[in-house]
Amino acid sequence: MHRRMIAPGALAAATLLLAIPASAASHSPGAPGIGDPYYPYYGNGGYDVSHYDLRLKYQPVTDELEGTATIEARTTQDLSSFDLDFLLDVSEVRVNGATAAFTTSGQHELVVTPKKPLARNTPITVVVRYSGVPSTKSAYGFTTWHRTPDGGIAADEPEAAWWWFPSNDHPSDKATYDVSVAVPDGTQAISNGTLQSTGSQLGWTRYNWRQNKPQATYLATLAIGKFDITTGTSEDGVPVLNAYSRDLGDNAGAARASVERTGEIVDWLSGYFGPYPFSSAGGYVPNTTTGYALETQTRVYYSPRQFAKGSNTSVVVHELAHQWYGDSVSLKGWKDIWINEGFARYAQWLWSEHEGEGTAQELADWVYASHPADDRFWTVAPGDPGPDDQFDIAVYDRGALAVQALRNEIGDKAFFALLKGWPKKHAYGNASVADFQEYAEKVSGKPLAALFDTWLFQPSKPAAPAARAASLAKTPAAPEQPRSWKKIEATNDVHTR
């Protein structure tokens, strides 16, 4: 929170204004939030980041992290100061080479005051030197830094960056990344994108990773520990890197049997969504106690618990589908979460069809019939669920029902053209539910406002199921459970903290 000086009376106010140099009069602090109503203090106003360069050193035994973050950005207003989202202890900040003043504010704000005010549309280089023990830091009563027996993991949604690098933490400000991490010899550091190089000196090994496509801050990940790493290339030529903690115990085999199919699944999804949008693919399974998975860009995070009941390619399909729907095309605001989760869930339905374990239509019929009209399921609006229900099961399953309803309404030809066209139209950018509706209407040539309202926004069970009228006559009141349902249902907690 920024303090404002209030002078009583018009004369005093006029005197105060006269005392401010004309060159600085128009400069004001950047907002401590980017303007997302779900999370008012996430992200920041006044600048746009283009690149993060993170040079880190981490000691697994003590969980101590040292870092220097160099942030390339451009101002979007005349700035007297600006905020970064961050929790660790800062020792120095520089803006365009000059030492800047800094302080903390609120739960996770680092307030930076440059030596000179910054004019709008000015390129800025911000250097932040910092250190700390991430596992000792919390905000809003939680932490997203996960200690493991041999290191630490940064992976969570909708926030994770504050625990390991200063940022403008909102999906609407995407940037490219260079992440360089030094760890003791014998320990590995894994991040997004491609591994550029490694080097060892005086008992420390440095890993240099590069993400050359725009990436939202919550999709940046860091995994430090002792891993078995596999590399390869998909049939379509996508490089794949997967990693597994060496102490996964009984879950090790099922995890590998699932995640090692990444290349195959990436190629299969490309048939629906278009060419894979990034330079590499893969996933990692660390020895954490969390229950969720996360679509961290190019390097998906999987909890071992996802494989506690055996192999599950459905969760791999879900997270890899996000590489198109959620990562390459990111939401404009967190209320647009349906574009991420509805389509990732629907990809699981398509995979079920591919595996001969139930068609997308049969799964839609099953989900629709499984929730009576008075079920709370129908009160959650996937098109704007609210922060408390952002990851409610309705966003996934009712969200996928909306996708099937759209398919039935516009027909397969327009629907599959839409599936491929959307990631191409908004590649590496951001888009909203309203943008998607507009695009769907353009592709299909049909008005779709009523359909979107019914399936995404009305707090009641739609009068007609997602099934086509033709199939309704053949569908019993209680549809048979598709064989894939248990595997799909096992992924219901993929984003539950």
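Bear in mind that the values here come from a model prediction, so they are computed numbers and not experimental data.
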task: Would you please indicate yes or no on a ring centroid separation below 6.0 angstrom for H108 and Y140?
output: yes
field: Check: S131 side chain, E66 main-chain N or O, donor-acceptor pair, under 3.5 Å
entry: no
statement: Output for pair (R74 CZ, N121 CG), nearest 0.5 Å, gives 5.0 Å
message: With a 6.0 Å cut-off on the ring centroids, do F278 and W324 count as close?
response: no
- prompt: Would you say T176's side chain and K213's backbone share a donor-acceptor pair under 3.5 angstrom?
  reply: no
task: Give a yes or no on whether a salt bridge exists between E489 and K487, defined as a side-chain N under 4.0 angstrom from a carboxylate O.
output: no
Ring centroid separation Y207 to F227 under 6.0 Å: no
query: Going by an N to O cut-off under 4.0 Å, is there a salt bridge joining D384 and K335?
result: no
message: Within this structure, what is the OG1-CG distance for the pair T144 and D156, rounded to the nearest 0.5 Å?
response: 5.0 Å
message: As an exercise, state the distance from CG of N192 to CD1 of I190, rounded to the nearest 0.5 Å.
response: 11.0 Å
query: When the ring planes of Y52 and F165 are compared, do they come out parallel, tilted or perpendicular, using 30° and 60° as the limits?
result: perpendicular
field: Side chains of S328 and P423 in contact at under 4.5 Å (non-hydrogen atoms)
entry: no
query: Are the side chain of N96 and the backbone N or O of T125 linked by a donor-acceptor pair below 3.5 Å?
result: yes
- prompt: Should we say atom CZ of R246 is surrounded by more than 12 heavy atoms from elsewhere, each under 6.0 Å from it?
  reply: yes
- prompt: Is the closest basic N to carboxylate O distance between D89 and K137 below 4.0 Å?
  reply: yes
- request: Indicate yes or no for a side-chain donor-acceptor contact from R299 to the backbone of G193 under 3.5 Å, with no hydrogens or angles considered.
  value: yes
task: Using the side-chain contact (heavy atoms from CB on, under 4.5 Å) rule, take D85 and N44 through it: C-alpha gap first, then chi angles, then the decisive distance, then the call.
output: CA-CA 8 Å; D85 300 301; N44 305 286; 3.1 Å; yes
message: Just checking Y301 against Y284, ring centres under 6.0 Å apart?
response: yes
task: Classify the angle between the aromatic ring planes of W422 and H426 as parallel (below 30°), tilted (30 to 60°) or perpendicular (above 60°).
output: tilted
field: Close aromatic pair by centroid cut-off 6.0 Å: F102 and F82
entry: no
message: Ring centroids only, cut at 6.0 angstrom: are Y396 and W338 within range, meaning strictly under it?
response: no
- prompt: Would S135 and D63 count as a side-chain hydrogen bond (donor to acceptor under 3.5 Å, both in side chains) if you check the C-alpha gap in whole Å, the side-chain angles of each, and the deciding distance to 0.1 Å?
  reply: CA-CA 7 Å; S135 59; D63 195 38; 2.6 Å; yes
- request: Run the ring-centre check on F86 versus Y130 and record whether the distance is less than 6.0 Å.
  value: yes
message: Before you tell me yes or no, could you show the steps for Q215 and Y177 under side-chain hydrogen bond (donor to acceptor under 3.5 Å, both in side chains), namely the whole-Å CA-CA distance, both residues' side-chain angles and the distance that decides it to 0.1 Å?
response: CA-CA 8 Å; Q215 175 175 278; Y177 286 73; 4.6 Å; no
field: Centroid-centroid under 6.0 Å between Y39 and H170 rings
entry: no
- request: Say whether, by atom type as modelled, one donor and one acceptor occur between the side chain of T76 and the main chain of Y47 under 3.5 angstrom.
  value: yes
field: Face-on cation placement of R256 at Y244 ring, 6.0 Å and 45° thresholds
entry: yes
task: On the 0 to 90° scale, with breaks at 30° and 60°, tag the W351-H354 ring pair as parallel, tilted or perpendicular.
output: tilted
message: If we ignore hydrogens and angles and just use 3.5 Å, is the side chain of R261 paired with the main-chain N or O of I265 as donor and acceptor?
response: no
field: Result of checking W145, Y42, Y218 against W162 for ring-ring contact (aromatic ring centres under 6.0 Å, His included)
entry: Y42
- request: Might you work through the side-chain contact (heavy atoms from CB on, under 4.5 Å) test for L88 and W163, ending with a clear yes or no?
  value: CA-CA 7 Å; L88 297 186; W163 282 263; 5.8 Å; no
